[in-house]
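Report on the structure given below.
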Amino acid sequence: IRKSNLNVLYVGGSPDIDTMSGRPDSVVLAQSVAKRMASFEKMLKRYFRRGTVVNAKDYRPELSDNYDVTVMDGRSRSYRGLWNVTLRGG
């Protein structure tokens, strides 16, 4: 597989289970989040030269400064503003 030169930051924190019909146990939620983040990390390492995974609770907007792409898959408590999509490079 030829890896992309894009630097990707994945911000995880979403579970892979239905939370709309009720709030599952916190342990079940944490396990689901960890499993989902591990799956994304495996995928990033396979397809991108640089792929980093961080939990949304640890995310700060300045972390994205060193990446070409930030994938938001969790809610960050440190940033409550609107997201702007910026494409860099040409």
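Everything numeric in this text was worked out from a predicted model, so none of it was measured.
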Check the pair Tyr10 / Thr52 against side-chain contact (heavy atoms from CB on, under 4.5 Å), numbers first and verdict last.
CA-CA 6 Å; Tyr10 170 78; Thr52 304; over 6 Å; no
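Judged purely by atom type and a 3.5 angstrom limit, Lys3 has no side-chain atom pairing as donor or acceptor with the backbone of Leu44. Between the side chain of Ser39 and the backbone N or O of Lys35 there is at least one donor-acceptor pair closer than 3.5 Å. Between the side chain of Ser14 and the backbone N or O of Asp73, at least one donor-acceptor pair lies under 3.5 Å.
Here the closest non-hydrogen pair linking Asn66 and Arg50 is O-NH1, 3.0 Å. The two residues Val33 and Pro15 come nearest to each other via the heavy atoms CG2-N, 3.7 Å. Of all non-hydrogen atoms in Val54 and Leu9, the two that sit nearest each other are CG1-CD1, 3.8 Å. The minimum heavy-atom distance between Met37 and Val53, with the atom names listed, is CE-CG1, 3.4 Å. In terms of heavy atoms, Val11 sits closest to Thr70 at CG2-CG2, 3.9 Å.
Proximity of Asp68 to Val8: side-chain heavy atoms (C-beta onward) are nowhere separated by under 4.5 Å.
Put simply, CZ on Arg49 and CG on Asn7 are 10.5 Å apart, with the number rounded to the nearest 0.5 Å.
For the residue pair Tyr59 / Ser64, a side-chain donor-acceptor distance below 3.5 Å is found, with atom types taken as modelled. No side-chain donor from either of Ser4 and Tyr47 sits under 3.5 Å from a side-chain acceptor of the other.
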